[in-house]
Amino acid sequence: MNPGDAYDERYTYGAYSGYPATGPAVPRPAVPQPPYAAGMTQLPTEGMNGMPAMPADGAAIGIPPMPTDGAAIGMGGMPAAGGAAQTVPTMGSSHRSRRQYPAEIFELTNSQTVPMTPPPVSEPSYLMARTPTLSPYPEAAPNALATQMGNVNLGPDPNAAMMPTTELVSIDLYNQTPEISDLYAPPLPINLPLTYSATQAETSNCPPKYMRTTLKAIPNTNSLLKKSKLPFAIVLRPYTSLLEEDDPVPVVSDTIISRCRRCRMYINPFSIFVDNGHRYRCNSCGIVNEVPQSYDWDSFRNVQRDRWQRPELNYAVVDFLAPQEYMVRPPQPLIYVFLIDVSFISISSGMVATATRTILESLDRIPNKEGRTQVAFIGVDSSLHFFSIAPGAEEASQMVVSDLDDPPFLPRNQDLLLNLRECRQGIENLLTKFNSMFASTRDSSNALGPALKAAQHLIENIGGKICCFVSSLPNVGSGKLSLREDPKLLGTNRESNLLHHQDAFYKSFAVECSTNQVSVDMFLFSSQYQDVATLSCLPRYTAGKTQFYYRWNASRSEDALKFASELSDYLSSEVALEAVMRVRGSSGIRMSSFYGNFFNRSSDLCAFPSFPRDQCYVIEAVIEDTITKPFASFQAAILHTTSSGERRIRVVTLSLPVTNSLTELYASADQLAMMHVLTMRATEKALSSNLSDARDGITNKLIEILEVYKKNLAGQNTGAALPLQICTNLKLLPLLCLSLMKHTGFRKSSHIPSDLRSIALCNLSTLPTSLLTRYVYPTLYSLHDMPLEAGTVAEDGVILPPALNLTSAIMQTFGLYLLDTHFQQFLYIGKDAVPQLAMDAFGVSSIAELKAGRFTLPILDNPLNTRMHAILGKLRSLDKGTIVQPSLYLVRGDGDPQLRSWFFSHFVEDRSDTAPSYLQFLQLLKEKVRD
Amino acid sequence: MASPWIYFTSLMMTCASIMLHMYFTVMYSDLKDDFINPIDLSRKLNHYVIPEMLLHAISSVLLLLSGAWICFFFNLPMILWNVQLYLTHNHLHDSTTIFKDVSNRQKRSFIKLAWFSVLFFTYLFMFVSRLVD
């Protein structure tokens, strides 16, 4: 094994999860290069030549020269390395010599067992990882600080993978402009020697895109954790792509599942084999377990197999095929019940037409490998419209039930659940005619509550998904809602009531759905108040998702396209059914609170009627007993049924070193994960109590952290001015906290409709970290003066321009800027922009001809426009695990003041009328931080 | 001067309240140890929340009407607390959030238990002393 390989793998692990530019992702054709891009001259990519060409620079900024570093890392990974001496030597050397490398293992497991598992993850990422400077954000940037501070060696440098992270470098928050590029840098590497792993495979520990913790070292006692005041939590994202094939995980397909008999932890790369490999010691509780009988036997080919090739001993993230014991009933088919609001408002906004057409076009994309998938359609206005198709029939018959009693009346003897394959023709005909059936309606009622009950009743014995398309407020039957929003309430203390649910029906119904394995997804369209706060209760507790289209109208083609593409992606996404998740920690660690969309069925068991692939969960942990082992593990296990009818368990294991020093704890803190936990806590506060509590929670935590740092860890020579200090790896935390408090979800303002607040809270509590970062601190790019290579295609996709700080001070009146918040993209053109810029970018002779608002960038034949398209496309495809298509807005420097103030409300480093600027915020913190 | 039987009634009601809260605390610890699921817990306990509050309110009003001022003022903080819980919709158990809430609930039950025990002995003392008089 050559050291370079080890280095590469390491680097891959440190890669930033949401960022295919450096992430361990399979290359994909996702960036839709416009056909005209081919004619473009490929600029030499500066990054590639740049790195080896400037050794002096590299040395100056503190990155150790690559070969040395690589060797250092390689040694950690090598069995015979010096580092091995200090660690557990429990494994027989005969075993060790027989171990294989991940790529081979993958091939072997693939060839013999799962034909459906796509090629290894590791291979292409090697290539990417070898050119780390290809990242759009210059590596030099974060280290510039260090040079200023006179520190040459940085602890948290991503390249220093196996270096101890104990070095704590303080920086003074005051004298620095926040380094935005750090937000997109890979998280700190885990400082755990691979020698702890049974196979010592580079993939033994969990990549941060699946699981990351706020602390990369676990405090050994609760008092240490308490003293540090740092939140201790796991951020878990079990799936990173909508389709399994985009980010495959190795599968253990022989249904041999070995678990610890005491703590029930699954066997993982950190289990230690003893007794000549006949037994293994659980890495969580330390008890010795028997290795299953046929563990070394390949039951497919009936030959002895090499244990060290087993995926569960080589990979931290694996799928186990579950045997019979893990099923309570045979795997159920996937069922979608489409509940479509057919009241006057929805018909006139074009929602019904768009939704049915999109469903029709996406019928082939709905997962249906086994041909078992079923669908049902229910129209809702003041009565319920059911549609049944006899098998083989071409026409659907409609049944109208206007009796909204409880329990709802279902035309039982009819075929309401339609098999997607058998009734295909009938379904297509139904969807084609659907809109015209209701086109002349004048009915403005919406009996959503009874319709939900009916839908639940229809599938209660099987389970499945109910997708609601709603564009009016439910006003008939149980669960009817009133128009409670009063503009006078906004911005006052009583505003928080608007964020709580209005009717207990939605909560109790959610619980009922959860027990019947029914999950509810809401697609909400508003022309007026839609009460997202109440309606989002259903998805929140049934593991569904809420999509909200504010002021949506199909007559705007951008609106229609956005919804259609999101719905289509949603339908094509694979879903896991009947899932439960349990997160276990090593002995001494207990999971205390859980955040995300699910129902807590018992103190540590989360129930998901269907497991979405685009959500993220945060689990807070507490230390109950002193941990004496050198490392501890977290393991999340998700038992689920795949949409193709297989019962599987996804197991994600993360092992971290244990520490007893406060310095190490701070040096290992991960600011993005920290921000994620604070977001979840604040969201919870906003939903259970009020917004000012939520904001105070964020500031108070930040002040506590700064206080502890100042008291215990800040340098001695602080000088008379007593600067506000924090370690380099947490230096963006104050900025992130400030942007969180200025976020639509939490900002003190009397201009934010409660629907927008509620949906922001929903998004904040489900987005994965990489996207949440963008959502909280939007990314600003300057397009008029971007570097030459930005927007061109390099080896690993389109190069993005450097991200800028969100302060309007850097905005030039003649410039062209792009702001990306994940849900929206804004193109801002200054009022003094030269005609040539307007011509190149938008194909108009002066900016006066541009119409501000929803926008589609025209396709022009010039380099600037082509590069802009490439950048927009790249931003849209940064994450494979989201259905969101950002909507593009054009903002003119001299245009619509409302749009401009919306645009500038994202500039969190500026002062707004109710919130301080970043510097003022630091001043505020300084006053509050006591000695 | 309140009749001893007023105290006796209050005593009995307090007894009932104490038993209810003992039941509550047992159920809470069962929930923490996963012996009961949140849905069952909420369904079982929510039956008793309002009766418990009413029981207390009735006994206090009885005391007030019979002129036992001091005893009534003793009860007043708890009445106000109950009213506040009711008005903020915090009195019933919500199975979706119970795990985040259960420690608070348990604390609440313990406080009430302590309070009711004090009341119990006060009433007992008053009842016996009135009887002796």
Side-chain angles (χ1 to χ4, degrees), chain A residues 264 493-494 496-497 500-516 520 534 536-544 580 582 590-607 618-620 622 624 680-681 683-690 693 765, chain B residues 21-54 77-78 80-113:
Chain A
R264 309 302 294 153
N493 280 341
R494 286 172 58 210
S496 304
N497 289 340
H500 303 164
H501 63 280
Q502 185 181 150
D503 190 326
F505 165 77
Y506 291 92
K507 254 192 178 177
S508 55
F509 184 70
V511 174
E512 197 182 330
C513 282
S514 180
T515 48
N516 289 331
V520 184
T534 307
S536 65
C537 268
L538 279 174
R540 177 165 300 121
Y541 297 112
T542 60
V580 286
R582 210 187 278 275
R590 186 175 62 84
M591 305 304 141
S592 59
S593 34
F594 299 75
Y595 303 94
N597 283 7
F598 50 73
F599 178 67
N600 256 115
R601 200 183 289 166
S602 72
S603 59
D604 62 343
L605 186 74
C606 311
V618 170
I619 299 112
E620 285 202 63
V622 289
E624 287 198 316
M680 287 298 205
R681 283 187 185 171
T683 316
E684 184 89 9
K685 271 267 170 60
L687 292 174
S688 62
S689 151
N690 61 54
D693 277 6
S765 59
Chain B
H21 277 289
M22 281 172 141
Y23 176 60
F24 277 25
T25 44
V26 169
M27 291 296 262
Y28 292 146
S29 51
D30 272 8
L31 180 77
K32 280 184 168 174
D33 298 339
D34 289 340
F35 290 127
I36 186 168
N37 71 54
I39 304 170
D40 287 344
L41 176 110
S42 311
R43 207 182 41 232
K44 281 184 182 161
L45 297 196
N46 282 347
H47 284 313
Y48 299 109
V49 172
I50 299 283
E52 187 269 331
M53 287 181 172
L54 279 182
M78 181 118 90
L80 294 179
W81 188 24
N82 280 343
V83 168
Q84 189 251 335
L85 287 178
Y86 184 81
L87 290 181
T88 52
H89 303 289
N90 256 334
H91 59 300
L92 290 180
H93 301 81
D94 179 351
S95 53
T96 54
T97 50
I98 187 76
F99 282 108
K100 302 213 164 95
D101 203 31
V102 65
S103 311
N104 274 335
R105 297 258 176 191
Q106 208 160 22
K107 226 176 275 165
R108 201 189 284 177
S109 265
F110 279 131
I111 294 173
K112 285 198 172 181
L113 263 181

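Keep in mind that what you see is a predicted model, and the values were worked out from it rather than measured.
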(message) Sort by residue number and list every residue of residues 503-511 of chain A having at least one heavy atom under 4.5 Å from chain B.
(response)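 A:Lys507, A:Val511 fall under the 4.5 Å cut-off.
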
(request) Quick one: pull up OG in A:Ser603 and CZ in A:Arg590 and give me the separation to the nearest 0.5 Å. (result)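 Rounded to the nearest 0.5 Å, the OG-CZ separation comes out at 8.0 Å.
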
(message) Measuring from atom CG of B:Leu41 to atom CZ of B:Arg105, what distance do you get when rounded to the nearest 0.5 angstrom?
(response) 9.5 Å

(request) Might you work through the side chain to side chain donor-acceptor pair (under 3.5 Å) test for B:Ser42 and B:Asn46, ending with a clear yes or no? (result) CA-CA 6 Å; B:Ser42 311; B:Asn46 282 347; 5.1 Å; no

(message) With a sphere of 6.0 Å drawn around CZ of A:Arg264, does it hold more than 12 non-hydrogen atoms of other residues, nucleotides or ligands?
(response) yes

(message) Please determine whether the number of non-hydrogen atoms from other residues, nucleotides or ligands lying under 6.0 Å from atom CG of B:Asn104 exceeds 12.
(response)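 Yes, because the 6.0 Å sphere around CG of B:Asn104 holds more than 12 heavy atoms from other groups.
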
(message) Sort by residue number and list every residue of residues 85-100 of chain B having at least one heavy atom under 4.5 Å from chain A.
(response)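 Answer by number: B:Asp94, B:Ser95, B:Thr96, B:Thr97, B:Phe99, B:Lys100.
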
(request) With chain A as the partner chain, list the residues of residues 22-30 of chain B whose heavy atoms fall under 4.5 Å from it, by residue number, and write 'none' if nothing qualifies. (result)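 Those residues of residues 22-30 of chain B which would need a heavy atom under 4.5 Å from chain A do not exist here.
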
(message) Please classify the contact between A:Thr515 and chain B as side chain, backbone, both or neither, with a heavy-atom cut-off of under 4.5 Å.
(response)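 For A:Thr515, the side chain is the part near chain B, not the backbone.
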
(request) Examine whether an atom of A:Phe598 lies under 4.5 Å from a heavy atom of chain B, and if so say whether it belongs to the side chain, the backbone or both; otherwise answer neither. (result)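 Interface part for A:Phe598: neither.
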
With distance as the sole test, does [X] use its side chain to make a donor-acceptor pair with the main-chain N or O of [Y] at under 3.5 Å?
X	Y	value
A:Asn597	A:Gly544	yes
A:Ser765	A:Gly596	no
B:Asp34	A:Ser602	no

(request) Could you go through the side-chain contact (heavy atoms from CB on, under 4.5 Å) check for A:Arg681 and A:Val618 one step at a time? (result) CA-CA 10 Å; A:Arg681 283 187 185 171; A:Val618 170; over 6 Å; no

(request) List the steps and the verdict of side-chain contact (heavy atoms from CB on, under 4.5 Å) for A:Phe594 and A:Glu620. (result) CA-CA 6 Å; A:Phe594 299 75; A:Glu620 285 202 63; over 6 Å; no

(request) List in chain and number order the residues that pass side chain to side chain donor-acceptor pair (under 3.5 Å) with B:Ser109, two or more places apart in sequence or in another chain; answer none if no residue qualifies. (result)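 Checked B:Ser109 against side chain to side chain donor-acceptor pair (under 3.5 Å); matches are B:His21.
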
(request) Salt-bridge test for A:Arg582 and A:Asp604: reply yes if a basic N is under 4.0 Å from a carboxylate O, no otherwise. (result) yes

(request) Measure the shortest side-chain to side-chain distance between B:Ser103 and B:Lys32 over non-hydrogen atoms and say whether it is less than 4.5 angstrom. (result)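 Yes, close enough: below the 4.5 Å cut-off.
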
(request) Kindly give the heavy-atom pair with the smallest separation between A:Cys537 and A:His501, and that separation in Å. (result)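 Looks like SG-CB, 3.6 Å.
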
